[in-house]
Amino acid sequence: MSATTHSADSGHGHAEASKFHIFVQLAMILAVITGVEIVLIYIPLVKWFIVTSLVILSLVKFMLVIFIFMHLKWDKLFCTILFFIGLVLAGGTVAALMALFAAHDSIPLKAQEIYAERAAAAQ
Amino acid sequence: MSTHAAAGAIDHHHDHTTTTGIPNKKLFMWAFLASDCMFFGALISTHLIYRLHETPNQPDILGIFSLELTSFSTFILLMSSLLMALAVNTCQKGHVGATRKMLLGTILFGLIFLACQVYEFNHFVHLGLTLNSNMFGSTFYTLTGTHGVHVAIGVLWLVLMYIRTFKPADGSPWILKSFIHLLVFAVVIVAGMKALLGGVHALQTAHGLNGEAISLFFEHDFPAIVVSAVGLVALVMLGRDRKAVEFGEANAVDVESMGLYWHFVDIVWIVIFTVVYLLEYI
Amino acid sequence: MSAHAKTDFVGHDTHAAAPVEKRSWLLTRPTAKTGLVSWLTTVDHKKIGLLYGISALFFFLVGGFEALLIRIQLAVPNNTFISHQLYNELFTMHATTMIFLAVMPLSAAFFNYMMPLQIGARDVAFPRLNGFAFWVFLAGAIVLNIGWFVKSGAPDAGWFGYAPLTSTAYSNQFAGDMSTDLWVMGLQILGVSSVVGSLNFIVTIINMRAPGMTMMRLPVFTWMTLVTAFLIILSFPAITIALVELMMDRSFGTSFFDVSGGGLPILWQHLFWIFGHPEVYILILPAMGIVSEILPTFARKPLFGYPIIVFSGATIGFLGFGVWSHHMFTTGMGTVATAAFSLLTMAIAVPTGVKMFNWIGTLWGGHLQMRTPMMFALGFMWMFMMGGFSGVMHSAAPADAQQQDSYFVVAHFHYVLIGGSIFALLAGIHYWFPLIFGRKVSEFWGKLSFWVIFIGFNVTFFPMHFLGLNGMPRRTAVYDGNMGWNDANLIATVGALVLGVGIAIYFGVMIYTYFKGEKTTHDEWDARTLEWTVPSTPPPEHNFDVIPTVHARDAFWYEKTHKAEIEKEKAEHAKAEQDHGGIHMPSQSWFPIVAATGLLIGAIFFVNHIMIGAIAGGAIMFLGVYLWAVEGPGGYHIHLDDKNHDKH
Amino acid sequence: MVQYLPVTRLTNGTYLLGQMTLPSIFRSLKTRALSCAAVAAMPLFLGGWGNWNWLTGPQSTFDTKGPVAESQLDVFYVTLWVTGITFVIVAGILAYATFKFRARKTDDLKAVIPHQGHGNPLIELGLIGLSVLALVFIAVPTLRAIWYTYDVPAEEKASAYEVNAIGLQWWFKFEYPAEQIDGAGTLVTGNELVIPAGRPVRINLRTSDVIHSFWVPKLAGKVDMIPNRGNHLWLKADEPGYFWGQCAEYCGESHAVMRFRVIALNETDFAAWVAHQKTPARTVAPYSVLNGAPAAPYEFNNPGRNAPGYSADFDKAPFAAWQAKQEIDAGEDPALIAQGRQIFQQKTCTSCHAVRGHEGAGVTAPDLTHIGSRTTIAAGLLENTKQNLHRWIAHPNEVKPGNKMYVGVPLQSGVMAGYVKIDPATGKPEETPHITVSDAEARALVAYLHSLK
Ligand code: HEA
Ligand code: HEA
Ligand code: CUA
Ligand SMILES: [Cu+2]
């Protein structure tokens with residue numbers, strides 16, 4: 001395990017105090033990002049751009065919380081590996097499922113019916 | 001492999017009795033969270049898969065969702081995460097009093113989040129979105145409900161941790177008292193939740209904070225108000241410890257593990273907020 | 001064992017100097033070391049391991065009995081031995097029992113018993129949680145099997161319970177049939193048990209290793225335990241969610257898998273197999289671990305290519321998450337998805353092959369002792385290889401279109417499950433029997449049981465390849481006599497009976513040996529890993545008099561070749577530990593079993609839609625957990641009395 | 001002895017053999033006995049018995065009769081060869097190592113300590129490379145066949161014939177969207193799919209309840225019929241013929257007996273068949289002239305549960321049997337037929353079954369308009385003989401437990417009663433059955449149904 005994680009900031013009053021500030025600042029940043037996200041959806045931009053930005057922003061929030069609130073940044077690397085095994089597999093699985101169900105062969109019959117009805121009604 | 005921390009300085013994150021220096025409880029929690037990723041991954045997948053193509057009786061989601069409320073509860077949950085981080089921080093420094101305050105704050109914010117969710121569910125049901133009115137309802141309530149259950153378990157855990165900070169150091173009997181403490185908490189939470197939601201309801205029917213609202217509030221929720229008030233007093237009484245307590249720096253890892261759970265529930269919400277709520281608006 | 005250890009109990013996890021707590025009767029720790037209470041309240045990983053083992057073997061016989069009924073029905077065409085309905089219940093319960101109640105817990109038995117010994121630990125990281133995992137397992141097993149004894153019958157939707165056959169519309173079309181609810185609930189509970197147990201193992205392996213036991217010195221069985229534990233915690237959530245959604249459909253009127261509301265039954269298949277495929281590696285990796293212990297011991301040679309074996313084990317585990325849809329080649333996924341899963345599935349043959357090659361490398365140039373465990377291990381290599389090859393045949397999707405849901409699949413998975421998992425587990429029982437019970441099975445009877453099982457097994461399942469290719473679908477209670485399936489089916493049935501006789505011999509011999517067998521010294525096989533360094537057989541409660549210090553991969557082998565050095569080191573460590581207050585052991589507790597009982601009660605009431613009872617069960621469980629938390633880990637110290645001790 | 005070994009046929013092979021340590025494998029008597037036993041056991045698997053049918057049954061995947069099944073078989077052979085060769089090599093080395101390095105005497109078990117070698121990365125990497133290579137051999141034809149079997153090839157699209165196959169618990173419904181009948185919509189049949197031979201057929205797979213799977217091994221591998229999913233498969237029968245099919249996905253109590261047949265006809269026969277199917281049900285006037293001497297009444301004894309419904313005569317020439325079925329039976333009894341038609345109405349058979357042109361209009365059960373010309377009943381399970389039809393009508397639950405004709409068909413609004421009415425609360429049939437068919441009634445119904453050519 002990495003020995004460098006044995007950082008100087010644990011156990012010393014001074015460093016702890018600074019962590020207090022880090023935490024508070026982080027909370028502010030998170031609040032701001034959330035605000036940006038909410039504003040973003042009302043801005044008339046191309047869809048893919050907004051979606052990408054939203055995904056990136058929530059990813060940033062996600063990572064900030066894990067690494068700072070959850071202390072991963074200061075902890076042994078092993079904790080990070082452990083958690084990311086689950087996170088990466090879960091992310092991969094979600095992505096694979098989305099790809100599978102978005103495929104043409106997977107369009108549900110019910111949806112096809114609804115689309116057909118709607119097309120008929122539009123005429 | 002074996003890290004021998006410098007003698008003397010208290011090392012909160014490394015436990016010398018374990019091979020890696022990571023405390024067992026913390027490692028356990030991280031492993032559990034890895035597992036929980038798959039858990040929510042499967043739930044979120046279900047929701048998204050059913051959003052890919054039309055399903056019958058598709059509701060008017062934008063007419064149902066309330067972005068203000070959701071943003072507010074998101075904000076609340078983020079702030080509760082801050083308080084949780086501070087609770088861990090203070091506990092590591094051995095400030096039991098500060099830890100208790102932070103724990104109570106986290107509990108309170110968690111409860112506000114839950115209240116928002118109860119309110120939201122109620123509201124949505126009134127607007128016709130129920131668990132089985134359509135597929136969106138099913139996946140939405142299952143996903144956010146499961147998350148809510150996670151929050152509720154977190155609140156319970158926080159309460160238990162809070163109560164535990166009163167365990168006397170001299171080993172004198174304490175279970176009964178702790179149990180009473182827990183019951184009082186339960187009563188306050190239930191009654192308080194009812195009063196709170198009643199208050200919101202009164203505000204809504206009276207269109208604002210005015211005399212009518214207040215009288216409506218007292219008319220409908222008097223028992224809840226009284227019970228929660230009495231309960232609160234009891235809580236304050238129970239929360240004054242005269243004896244020395246056992247709880248201290250050594251428990252930091254317990255608080256920290258609980259914190260990991262709480263933050264995780266928070267990041268899950270970050271994802272849900274984007275994927276379930278925000279994406280609907282585009 | 002108490003003869004050589006005197007113990008003093010202390011209130012909680014501090015040194016003897018701490019003030020002794022005044023404890024209410026509710027929190028008095030049980031201290032019985034023998035008798036029923038000692039088993040109900042145990043936190044000893046070895047006792048828990050035995051509990052797992054005995055339950056698993058019991059359920060193996062139950063599942064085997066169900067299999068024999070299946071085989072008897074299929075012996076001749078158009079048989080009327082049992083009804084279609086019963087047949088469907090039998091294959092559902094046969095598979096569920098064998099997988100969840102026999103092979104998994106048998107692996108868990110070895111995890112529990114051997115893994116802490118192999119890493120030089122005195123117990124697992126969370127001993128009470130370990131007990132809890134076992135009792136929850138038992139609760140799940142009970143819920144699954146209640147169906148046999150009540151009106152609604154046993155679950156009958158197949159072991160992968162494809163929607164919408166599990167929906168209320170089809171599984172209780174006409175009456176309040178709760179068999180599917182039992183299945184759902186039983187699997188949920190077993191999931192809790194497996195996940196909790198696995199988290200415990202992960203922490204134990206990562207954190208409780210003896211000094212010097214680096215990850216690359218871990219015995220391969222422990223490595224495979226770790227990989228399996230990861231597979232469990234990462235795959236069970238998928239089935240948990242699938243089951244939750246099914247439960248919502250059945251009890252709360254949602255339509256996750258109900259077409260009228262837009263539900264997609266295919267989603268169940270995906271969620272199930274995201275779990276289901278890693279699950280089959282959960283069944284095989286521990287077996288591979290056992291074989292990787294046995295071969296070096298009996299070849300008297302270190303494992304060939306240890307790092308690559310470890311790495312390939314992890315790779316199998318990881319790749320195992322990316323191939324689930326090979327169970328769905330016939331569901332019309334489209335060309336690209338089918339191709340992707342087909343190729344990924346083939347890729348798994350590579351790391352598996354690496355293991356096979358390295359095992360052969362281990363044998364090569366060795367001095368092979370053909371003892372019974374070795375026979376089973378070699379049997380494993382042959383049979384698993386054959387099962388693996390039919391797996392590769394499945395992975396070619398176009399060929400699988402003819403094989404899926406035919407007896408060819410049945411042949412494949414019995415070759416990997418019996419020829420693989422069961423053979424290795426039976427090998428493991430033989431191998432570690434002297435360590436666990438201090439007695440050794442007679443070579444003659446051991447080998448006899450091996451040959452009868454080996455022949456019976458092949459006679460049963462080899463013909464099934466032909467049946468499948470000749471078009472016989474699986475899960476069919478009857479078949480017509482004009483399809484060319486008669487001979488092969490009859491042979492398979494005869495084989496199953498021979499197999500049954502073999503298993504009967506195997507267990508008969510085990511029971512005999514337990515009472516009357518030849519006594520052994522510890523280190524019967526001249527083994528190589530730490531579990532054999534325990535001071536006596538059966539091992540004492542505290543496992544090691546002195547926590548070993550590990551200097552090499554085959555730690556015990558090293559000790560045997562460096563005796564003087566080790567003696568000196570041990571003496572020093574013993575003194576240090578004695579100065580430290582003696583050997584610290586965790587206290588027993590009632591609350592794991594209380595909590596598990598609450599879960600069982602709640603589950604049964606829930607399935608019957610009696611919500612008050614469900615809540616009461618939940619309350620008992622909560623109370624159990626609450627008191628469990630309040631009582632704290634506890635612990636006591638053992639002081640070894642050196643003079644007495646050496647005699648054992 | 002030695003010169004009979006294949007090795008000797010190699011040039012300078014004799015010399016090689018003499019040098020090799022192979023004989024070490026055959027040294028011990030015990031091993032020799034074992035290998036003799038293995039050789040002796042071979043016929044068991046490879047066909048020592050007179051009429052060996054282990055791989056030639058009616059649902060054999062080896063006896064392919066169309067390009068789709070054939071390409072799937074080709075892939076299978078590739079996998080068989082690759083894994084077979086790998087097996088011979090790996091197992092050979094394993095066997096060799098086992099025999100070569102085994103300790104021979106029990107007392108030297110612990111004597112020798114072999115060299116404590118730890119591995120050889122070069123060998124390991126080499127073997128990984130070889131395994132990958134072996135898999136590439138499988139992967140290439142696999143990919144090709146995935147695309148080929150997925151849909152009708154582009155150059156044949158134009159000539160493809162389309163049908164819909166719908167799975168129901170526990171029978172198959174077939175629709176011919178290309179064949180429209182005036183006033184009656186699409187041509188529908190049940191349990192026997194008739195297709196044109198030599199032409200690709202694209203089958204849309206649907207289900208109206210749980211998952212089923214459509215499998216005719218000689219023509220094509222299976223594809224599932226999944227609710228809310230638009231699956232399809234294609235197949236082609238090279239020649240006219242008669243094929244066995246089976247539901248291959250577990251679908252509830254009677255999954256085992258959910259079967260069907262496929263009949264491929266040449267272009268003219270197929271056209272004639274379609275034209276005939278489109279006509280309404282045949283009516284035999286009660287006073288019409290007898291077509292031959294009246295047939296003697298058949299014997300009927302209920303053969304009981306799971307009794308076979310096939311016959312060797314039929315199996316010898318199933319296609320001819322199908323053709324014979326198209327002809328009107330000799331010795332029909334017009335009076336009995338008319339009586340049967342009446343009973344068919346009285347017994348409410350009509351509420352589930354359609355007999356186009358006659359009274360029946362139900363849609364929840366197989367269309368019986370031309371039931372007399374089908375070779376099987378009860379979803380490919382029983383040959384369509386008088387006895388079998390009688391058995392099915394009189395004791396459906398013994399033929400197919402839980403079948404919907406017996407227990408009733410669940411509809412959106414409650415259950416349409418079958419032979420029994422099931423009490424939804426207990427799941428048990430009510431005391432008095434809803435439909436009972438006496439021996440005489442059954443005979444009339446059989447006569448009627450068999451007249452529906
Ligand atoms: C212990 C459990 C276990 C194991 C280890 C495996 C291992 C494998 N399985 Fe199996 N499988 C099951 C249990 C298991 N399986 C079960 C229970 C089912 C049925 C579920 C159900 O439907 O009820 C199933 C079904 C199943 C299917 C679906 C069949 C269908 O329903 O249509 C497929 C398809 O690809 C498959 C493939 C494989 C492959 C490629 C492997 C590979 O991991 C095998 C790799 C091993 C080798 C290949 C042998 C050794 C290697 C060498 C000597 C190297 C050289 C080899 C080559 C180059 C080829 N399995
Ligand atoms: C680890 C898993 C495992 C194990 C060990 C076994 C073991 C056996 N299984 Fe199988 N089986 C499955 C997992 C397993 N199985 C699965 C997953 C399925 C799929 C189910 C589904 O489709 O949903 C299946 C399905 C399955 C079928 C197909 C059913 C069908 O599709 O219709 C058959 C048929 O022959 C069968 C047979 C057997 C036999 C004969 C054994 C034998 O090895 C059993 C050996 C044990 C004994 C014989 C009993 C022990 C001895 C005694 C009780 C003493 C008394 C007896 C005598 C003296 C004779 N199993
Ligand atoms: Cu339909 Cu099986
Ligand atoms: Cu698989």
Answer key: most heavy-atom pairs under 4.5 Å with chain B among V55(A), T93(A), L72(A), V88(A) is L72(A)
So CD1 of I267(B) and CG of L64(A): to nearest 0.5 Å the spacing works out to 11.0 Å
| What's the verdict on side chain to side chain contact (heavy atoms under 4.5 Å, CB included) for T34(A) and F75(B), showing C-alpha distance, side-chain angles and the deciding distance? | CA-CA 8 Å; T34(A) 309; F75(B) 178 76; over 6 Å; no
Applying a strict 4.5 Å limit to non-hydrogen atoms, the region of I85(A) in contact with chain B is neither
Chain A shares the most heavy-atom pairs under 4.5 Å, among G41(B), G259(B), A85(B), with A85(B)
Cut-off 4.5 Å, heavy atoms of chain A, and the answer for F273(B) is side chain
When every non-hydrogen atom of A27(A) is compared with those of M79(B), the smallest separation belongs to O-CE, 3.6 Å
Residues T274(B) and S58(A): closest non-hydrogen pair is OG1-CB, 3.2 Å
Looking only at F264(B), W30(B), F32(B), the option with the highest number of non-hydrogen pairs under 4.5 Å against chain A is W30(B)
Between the CD1 atom in I49(B) and the CG atom in L97(A), the distance rounded to the nearest 0.5 Å is 4.5 Å
Output for pair (L33(B) CG, C79(A) SG), nearest 0.5 Å, gives 10.5 Å
Under 4.5 Å to a heavy atom of chain B? For Y115(A) that would be side chain
4.5 Å side-chain heavy-atom contact, L67(B) and I41(A) = yes
In this structure, CD1 of I114(A) is separated from OG1 of T55(B) (nearest 0.5 Å) by 6.5 Å
Nearest heavy-atom approach of F83(A) to A34(B) is CD1-N, 4.0 Å
4.5 Å side-chain heavy-atom contact, L82(A) and L27(B): yes
Looking only at heavy atoms, the pair that brings L78(B) and A31(A) closest together is CD1-N, 4.3 Å
Kindly determine whether L279(B) and L54(A) satisfy side chain to side chain contact (heavy atoms under 4.5 Å, CB included), including the steps that lead there. CA-CA 8 Å; L279(B) 285 188; L54(A) 282 180; 4.0 Å; yes
Scored by heavy-atom pairs under 4.5 Å with chain B, the best of K47(A), K110(A), M98(A) is M98(A)
Per-residue tally against chain A (heavy atom, under 4.5 Å) across E54(B), M84(B), Q58(B) peaks at E54(B)
Heavy-atom closest pair (A90(A) atom, C37(B) atom, distance to 0.1 Å) is CB-O, 3.5 Å
So, the part of I44(B) with a heavy atom under 4.5 Å from chain A: the answer is neither
Exercise for review: Report the C-alpha separation of Y50(B) and F101(A) in whole Å, then their side-chain angles, then the decisive distance to 0.1 Å, and conclude whether the side chain to side chain contact (heavy atoms under 4.5 Å, CB included) test is met.
Suggested key: CA-CA 9 Å; Y50(B) 283 120; F101(A) 277 90; over 6 Å; no
L82(B) and F23(A) have their tightest heavy-atom pair at CD1-O, 3.2 Å
Note: vs chain B, highest number of non-hydrogen pairs under 4.5 angstrom among V51(A), I38(A), I50(A) is I38(A)
Between the CZ atom in F69(A) and the CG atom in L260(B), the distance rounded to the nearest 0.5 Å is 13.0 Å
Cut-off 4.5 Å, heavy atoms of chain A, and the answer for T74(B) is side chain
In terms of heavy-atom pairs under 4.5 Å with chain B, the winner among I68(A), V24(A), L26(A), I107(A) is I107(A)
- V88(B) versus H71(A): any side-chain heavy-atom pair under 4.5 Å? no
When rounded to the nearest 0.5 Å, the distance separating NZ of K93(B) from NZ of K19(A) is 9.5 Å
